[in-house]
Trainee: 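Here it is: the structure, laid out below.
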Amino acid sequence: MSKKNALITGINGMDGSHLADFLLTKDYNIFGLERRSSSKIRENTSHLEGKITFLTGDLTDQNSLLRALKVSNPDEVYNLAAQSFVGESWNTPEQTSDVTGLGALRILEAIREFNREIKFYQASSSEMFGRMVENPANENTPFYPRSPYGVSKLYAHWITKNYRESYDMFNCSGILFNHESERRGHEFVTRKIAAGVARISLGLQKNIKLGNLKSKRDWGYAPDYVEAMWLMLQQEQPDDYIISTGESHSIEEFLEKSFSIIGISDWNKYIEIDQNLMRPAEVDVLRGSSQKAKDILEWTPKTSFDELVKIMIKSELKQNLKYT
């Protein structure tokens, strides 16, 4: 039996790199789509060079997506690329909509034109729920996005469903709640906390600037979640699934756990509240029910909240020790 081919957009991001790691264990030929830049940003994928094929393409350029499909001839496409930082989406709402929203449409159109038999995964987001009208949210909970990012993700989610129903395409959306890892981008709050705590521990930093400490999120570990993406595309029928832990923890709890690892209990004195980091419309709590994924995909998260925090802190301590 020949190997399957997979095309992953956003290959250099956290999810893209973890998904590539996972698919390599399943003996896939992997093609990773990256944007053209003056220097390759492969912090998360340097270990994959020589193991996968990197292609140049952009979600704002449909012809580049069609070329990538022709080169990779994929059995599966995982669309993980996006302007994915929620805070930035207020500063660049048009770009966020173009990349995160219309980008999904462009790749769906490219697949429809090239080969409708390709199985497609769309990275939907818990931010589509925004002001939660039901806690925990399930696949039937109404959406109420509270940011340009959330609205853009909602468009991508619905266009994926629309193409599934209109063109009989195998399209799945994974509504992933917050998931983190040691490969998370530095602008995200969990990586910011982990890096700050490590640097404070080593005497390299005095405090961490943060926004709303009360907001609660359903945090899981990214390597657990990429397995769920793959499982969705192995089913007989396409469908949408929530992937979550079912627990919610505040940023204060994340801070408390993080500082406890380095032996600090009075963590408050190391935190500076920056009003510039407050969202214009706050999402107070996000929590999801992944019962459907458990029942149909037989998927459950393997890594606890405490284990996730520990993984991130230990990784940052190791990284920072290189420079001390």
Side-chain angles (χ1 to χ4, degrees), residues 3-35 42 44-45 48 51-59 62 64-84 99-101 103-112 114-126 152-153 156-157 159-161 163-164 169-177 179 181 183 220-235 238-243 293 297 299:
K3 287 185 177 183
K4 284 185 178 180
N5 292 352
L7 175 64
I8 304 173
T9 73
I11 186 65
N12 293 319
M14 177 185 71
D15 283 356
S17 62
H18 284 304
L19 178 61
D21 289 339
F22 176 80
L23 293 181
L24 283 173
T25 69
K26 299 294 182 181
D27 205 28
Y28 276 65
N29 292 316
I30 300 169
F31 297 82
L33 197 71
E34 61 183 356
R35 287 179 296 170
R42 294 184 180 172
N44 290 334
T45 53
L48 294 172
K51 298 178 181 179
I52 73 172
T53 302
F54 290 90
L55 303 176
T56 301
D58 198 302
L59 289 187
Q62 188 170 332
S64 72
L65 300 176
L66 189 55
R67 284 194 296 271
L69 291 174
K70 290 177 179 177
V71 171
S72 60
N73 191 25
D75 299 281
E76 300 169 2
V77 171
Y78 296 85
N79 182 33
L80 310 184
Q83 190 302 98
S84 59
V99 175
T100 306
L105 170 63
R106 293 186 186 101
I107 197 162
L108 284 165
E109 265 294 287
I111 291 171
R112 185 180 71 84
F114 178 69
N115 179 7
R116 294 188 196 179
E117 297 303 310
I118 294 170
K119 293 185 175 182
F120 176 75
Y121 172 85
Q122 167 59 26
S124 289
S125 169
S126 60
S152 300
K153 277 291 187 183
H157 178 81
I159 201 67
T160 298
K161 184 188 291 279
Y163 270 56
R164 178 170 74 211
M169 294 167 67
F170 196 108
N171 298 340
C172 297
S173 288
I175 307 173
L176 272 58
F177 278 67
H179 51 290
S181 87
R183 300 180 189 174
Y221 188 43
D224 295 347
Y225 284 38
V226 297
E227 180 182 11
M229 299 176 187
W230 175 76
L231 285 168
M232 290 178 208
L233 298 194
Q234 311 317 306
Q235 304 306 304
D239 206 348
D240 305 327
Y241 298 86
I242 282 178
I243 304 300
L297 305 180
W299 177 90

Trainee: With a 4.5 Å cut-off on side-chain heavy atoms, are L69 and V77 touching?
Mentor: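 Yes, their side chains come closer than 4.5 Å.
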
Trainee: Return a table of donor-acceptor pairs under 3.5 angstrom between the side chains of residues 51-58 and protein atoms on other chains or two or more places apart.
Mentor:
| residue | atom | partner | partner atom | Å |
| --- | --- | --- | --- | --- |
| D58 | OD1 | T60 | N | 2.9 |
| D58 | OD1 | T60 | OG1 | 2.8 |

Trainee: Write out all pairs satisfying salt bridge (Lys or Arg N to Asp or Glu O under 4.0 Å) with one or both partners inside residues 13-26, taking only residues at least two apart or from two chains.
Mentor: D21-R183

Trainee: Just distance, no hydrogens or angles: give the donor-acceptor pairs under 3.5 Å from side chains in residues 227-234, sequence neighbours left out.
Mentor:
| residue | atom | partner | partner atom | Å |
| --- | --- | --- | --- | --- |
| E227 | OE1 | K302 | NZ | 2.7 |
| W230 | NE1 | Y28 | OH | 2.9 |
| Q234 | OE1 | K4 | NZ | 3.1 |
| Q234 | NE2 | E76 | OE2 | 3.1 |
| Q234 | NE2 | W230 | O | 2.9 |

Trainee: Does some side-chain heavy atom of I11 sit less than 4.5 Å from a side-chain heavy atom of F31?
Mentor: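 Contact flag for F31/I11 side chains = no.
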
Trainee: Tell me if a side-chain donor or acceptor on K153 pairs with a main-chain N or O of S126 at a distance below 3.5 Å.
Mentor: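 No; judged by distance alone, with no hydrogens or angles, the pair does not exist.
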
Trainee: Of T9, I111, T160, N171, which meets side chain to side chain contact (heavy atoms under 4.5 Å, CB included) against N79?
Mentor: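 Filter result, single survivor: T9.
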
Trainee: Using 30° and 60° as the class limits, which term best fits the ring planes of Y121 and Y78: parallel, tilted or perpendicular?
Mentor: tilted

Trainee: Would you please name every residue forming a salt bridge (Lys or Arg N to Asp or Glu O under 4.0 Å) with R112, sequence neighbours left out?
Mentor: E109

Trainee: Less than 4.5 Å apart, any side-chain heavy atom of P74 and any of I118?
Mentor: yes

Trainee: Please list, chain by chain and in numerical order, all residues satisfying salt bridge (Lys or Arg N to Asp or Glu O under 4.0 Å) with K119, sequence neighbours excluded.
Mentor: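 By the salt bridge (Lys or Arg N to Asp or Glu O under 4.0 Å) rule, K119 matches no residue at all.
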
Trainee: Under the rule for salt bridge (Lys or Arg N to Asp or Glu O under 4.0 Å), what residues qualify as partners of E34, not counting sequence neighbours?
Mentor: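 With sequence neighbours excluded, E34 shows a salt bridge (Lys or Arg N to Asp or Glu O under 4.0 Å) to K40, R42, given in chain and number order.
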
